[in-house]
**Q** 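Right, I'll just put the structure down here and ask away after.
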Amino acid sequence: MSGRKTGQVGHALVEFSLHGTFPEEDVSSRRISVQDLAPARESLAAAKAELESDIHEINEETAPDVNQWVANAKSLEDDINKSRSWANDIVRRSQAPDVSGKTIQEAADKVEFLRQEVEYNQQVRHALRSSKQVNELLDQVEQARDERRILDSLHLLETSWAALDAIPVSKSCRVMKLLDLRAFELKSAVHDVFDHVWDSLIQIDTENQKIGIFQSRQDEKMTLADAVVGLKAYKELDQRMALLWHGIDRVIVGPRTNIDARELPMVQTENSCLTVNGVADKTVATLFSDLEYVIAYLSERLPEELVYSLSNVMMPDLIPRIIGTWLDTAVPASLKDMDGFQQLTEAVSAFCGRMESLKFSGFQELQEWVDDAPKVWLSKCRETALDSVRTKLSQGLGESKEIERVETQTISQSEGKELAANGVAPPTDDDDWGAAWDDGEGDAKEDTIAKPEPNEDDGTDAWGWGDDDAADEQQSKAPTGQPLAEPSVEEDPAEAWGWGEEDATEPTPDVTAQKATPSSKAQSRELTLKETYNISSMPEPVLSLLSAILEDAASLVGSDGNPMAAAAAGLFSLPTLVLAMFRAVSPYYYALNTGGNMFLYNDATYLAERLSDVAKDWKTREDLTPRAIAMLRLDNDIKALQSFAARAYSSEMSTQRTVLRDLMGGSQNLLQQDGLDTADLEAQVDNAIGHVRATAATWSTILSKSAWSQAAGSLVDTIASKLVSDVMDLAGIGQDEAFNIASLIARITELDDLFLPPGAARGEAIPATAEYAAGWLRLKYLSEVLQSNLQDVRYLWMESELSLYFTVDEVVELIGLSFVDNARTREVVRELEAHPQPMQA
């Protein structure tokens, strides 16, 4: 058994070595001892011998094929060696020409060498002669320089440069370097002499404010005409003319054209030199006279080529200065001074013609200014108008001005008697008319602004009974888009005003909507409605400006002989720009004043009304041409002003409502703020009430009574709505908490005194608060509910008017917050739910 296991080990090693076969599990897992190694080695030796025998047998079988391959390889090697030998022989023969061919080639090379030597010697000879010639020319330049013959020096220098460039030698050659260096030094030396001669011909004395231009000097051989050649040679023509202009401007033209100087000098000549002396007036005609004097002097004394170059640097600097500081400021802003403007354009045209005759150029911009005189005048009108609006706004709102708005309504005699019976006939206070005024801005928002309301007036005159003429005198047309107001009746709140039925965003119902349509046979009369409000000092200057612009535009229409007639259409469009400037800039300046947005509302509304009147009157004017009547288009501007006024009012109301909400806890529930006791809550409510009173007091000096009532009512409604909302959001209301809430509501309801008739004390008249604050009675009834028992709550719902201001769900929720859930509570709740609209029943 042991021998069998040993043989298995040897067999496994042989199989793995030859075929890579892994032994079986029983063999590979067995433990191998020293005794197993010897039989394994024997097995491996036997396998090796068997392999060697197989290889030898294979070699004997393939021996012929191997011998044939060896023979072929030797034959290929012999062929390669033979080819190499032939190639070497060919190369050797190619490198050993015949003796006769080599001799001929050597002779040809010698001839070519001799030819090149001769040519080189000729080039050297020519270079030496040219160098000598250039050197002689430079000697002549030096001599001419010493003799101050500048023109000859320049000509000789130019010739020497041409000769130097013609020498066929590299510039790096020492001889060429020396000649070039000498030519450059002579050029600089001649330039120094040229500068000296130029300064003697063109003299600029800044200290004494003198400029002298001379054609020649006795001690100099170069004339001013010769100097042009030198300037061209040095390529300094434009540079020298720029320096000349700067000198003339610094000494002569600059002081003369400085319009801001207290005294302007006069241009004169003294010893053939230009100078400034004396005092000149500040008219454009005198300025052009002096400039013509300067230009004539330059044209007379400078060569034409220098005049042309001087014009190119002089005019782009001088012409804009003349236009910007002298001509534009002399343009009138209205047609009143148009005669002077026409004289101005004629003077400019004459000046342009004079410059052209004197060979000066570059004044096209000045000529275009004359050709575009209507456009220039229109631009000045536009600039002046817009600047006047900005300036006026920057000066502040100024003193306020009271404005009375008068409107006329036609009512029946029966309506008039009914109004008189209700105490409206003698309009001794503004509250008699209510607030049924539309703001005319097209938005039915919460802040719909009340419009006209009657001012104090005699009752008989106000109603127009027996005095139709007086009513006709009082009548005026309402602004575009603003319906005529209706007088409202002061009756029992629940019946006359329908509290709880109107939406908070709707205006108070008109009297005409509350009354039956009068009989067609009833005698009608005219009712004159009046109210006053205040505007700032801004609208009147704006209206005056617009009126002046439109009158100028109308006078130009059809005036073909007027040179400014082409600007008529532009003038008619100028009011749009003025009003756009007002709308763009005014919010910033108005905001700097207390109640500025309300002033802005009044001012914009006033402007819109007045412009509407202007547009209507314009169409009926007999002194205007049909074309002038048709060219006025203010409708879009009026609508823009009305919309702008509404935005100013809405912005102010939104700001004030935000302030009030912040004073009453902001986004937090007023009654659930951490760490605040009853005194703190009362302080917050008092702050909000104080802000309402302060704001209302400010607005009372700005807004009309009707608009003030609407705006102040919106603030009061904000406080009421915030407190009601916070109460409804509570999780529960205890008896003490209900008392505290009722106490807060009592503080808020003291704002009723804001809406009492003038002179009336609390308790003597019914406040009109609920008319302008939709949530006012809702707040009061909330206080009643919080202080009532279940029976009282049932009475308020079934017999009183609680259902007009609260839904049945809201009342049920309040009952759940305030009362214990028991059989009695559930019975009352079921009864309320069974009668959701007790007032209608």
Side-chain angles (χ1 to χ4, degrees), residues 397-411 419 424-441 449-465 467-488 525-544 546-547 595 598-617 638 641-642 645 648-649 698-712 757-759:
L397 300 186
E399 294 293 331
S400 62
K401 176 183 178 182
E402 186 177 274
I403 300 297
E404 182 180 66
R405 180 188 288 115
V406 181
E407 296 187 10
T408 301
Q409 292 284 349
T410 301
I411 63 173
L419 291 174
V424 185
T428 56
D429 59 81
D430 291 338
D431 279 339
D432 289 335
W433 296 112
W437 301 95
D438 189 358
D439 64 352
E441 301 305 332
I449 306 167
K451 282 296 181 189
E453 164 181 279
N455 194 5
E456 295 185 2
D457 195 6
D458 178 71
T460 303
D461 291 340
W463 295 113
W465 305 131
D467 192 1
D468 294 339
D469 294 336
D472 292 337
E473 293 175 359
Q474 296 285 346
Q475 184 175 4
S476 64
K477 296 182 179 180
T480 303
Q482 297 183 3
L484 293 175
E486 298 286 350
S488 52
R525 290 289 185 269
E526 289 183 342
L527 170 63
T528 301
L529 306 176
K530 299 180 181 180
E531 70 171 351
T532 60
Y533 60 95
N534 289 301
I535 62 173
S536 71
S537 63
M538 269 306 301
E540 293 299 341
V542 173
L543 288 171
S544 299
L546 297 180
S547 177
M598 289 307 185
F599 264 123
L600 184 57
Y601 160 70
N602 281 351
D603 290 355
T605 302
Y606 179 75
L607 283 173
E609 292 173 352
R610 290 292 303 276
L611 289 177
S612 179
D613 295 339
V614 169
K616 291 177 182 178
D617 295 341
I638 293 172
L641 278 173
Q642 293 170 347
Y649 180 90
T698 300
W699 289 350
S700 65
T701 62
I702 303 173
L703 298 173
S704 64
K705 180 62 178 178
S706 58
W708 176 88
S709 299
Q710 185 102 12

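Position 1 is the first residue of the sequence, and the numbers go up from there. If you're wondering where the values come from, they're calculated on a predicted model, not measured in any experiment.
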**Q** State, yes or no, whether a side-chain contact exists between T532 and I403 at a heavy-atom distance under 4.5 Å.
**A** no
**Q** Please give me the minimum heavy-atom distance between N534 and S400, naming the atom from each residue.
**A** CB-CB, 4.4 Å
**Q** Which atoms form the tightest heavy-atom contact between S537 and G398, and what is the distance?
**A** OG-CA, 3.5 Å
**Q** Say you draw a straight line from CD of Q642 to CG of L607; how long is it, rounded to the nearest 0.5 Å?
**A**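 Between Q642 CD and L607 CG, I get 11.5 Å after rounding to 0.5 Å.
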**Q** Evaluate the side chain to side chain donor-acceptor pair (under 3.5 Å) criterion for residues Q710 and Y649: first the C-alpha distance (whole Å), next the side-chain angles of each, then the deciding distance (0.1 Å), finally the verdict.
**A** CA-CA 11 Å; Q710 185 102 12; Y649 180 90; over 6 Å; no
**Q** Mark yes or no for whether S612, through its side chain, and A608, through its backbone, hold a donor-acceptor pair below 3.5 Å.
**A** no
**Q** What pairs with S547 under side-chain contact (heavy atoms from CB on, under 4.5 Å), at least two apart in sequence or on another chain?
**A**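 Listed in chain order: E551.
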**Q** List the atom of G595, the atom of I702, and the distance in Å for their closest heavy-atom pair.
**A**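 Heavy-atom minimum between the residues: O-CD1, 3.5 Å.
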**Q** For A712, what residues pass the side-chain contact (heavy atoms from CB on, under 4.5 Å) criterion, not counting sequence neighbours?
**A** A696, W708, F755
**Q** At what distance, to the nearest 0.5 angstrom, does CE of M598 lie from CG of D603?
**A**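 One finds 13.0 Å between CE of M598 and CG of D603.
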**Q** Report the residues that fulfil side chain to side chain donor-acceptor pair (under 3.5 Å) with N602, sequence neighbours left out, ordered by chain and then residue number.
**A** none
**Q** State, with a plain yes or no, whether a side-chain heavy atom of T605 is found less than 4.5 Å away from one of L641.
**A**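 The answer is no, as the side chains (C-beta and beyond) never meet within the 4.5 Å cut-off.
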**Q** Y533: which residues meet the side chain to side chain donor-acceptor pair (under 3.5 Å) condition with it, sequence neighbours left out?
**A**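 Y533 satisfies side chain to side chain donor-acceptor pair (under 3.5 Å) with E609 only.
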**Q** For the residue pair P539 and I535, what are the closest heavy atoms and their distance?
**A** CG-CD1, 4.1 Å
**Q** To the closest 0.5 Å, what do you measure between CZ (R610) and CG (D617)?
**A** 9.5 Å
**Q** Is the shortest side-chain heavy-atom distance between R405 and Y606 below 4.5 Å?
**A**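 The answer is no, as the side chains (C-beta and beyond) never meet within the 4.5 Å cut-off.
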**Q** Under a plain distance cut-off of 3.5 Å, with no hydrogens placed, do S704 and E531 share a side-chain donor-acceptor pair?
**A**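 On atom types as modelled, these side chains qualify, holding a pair under 3.5 Å.
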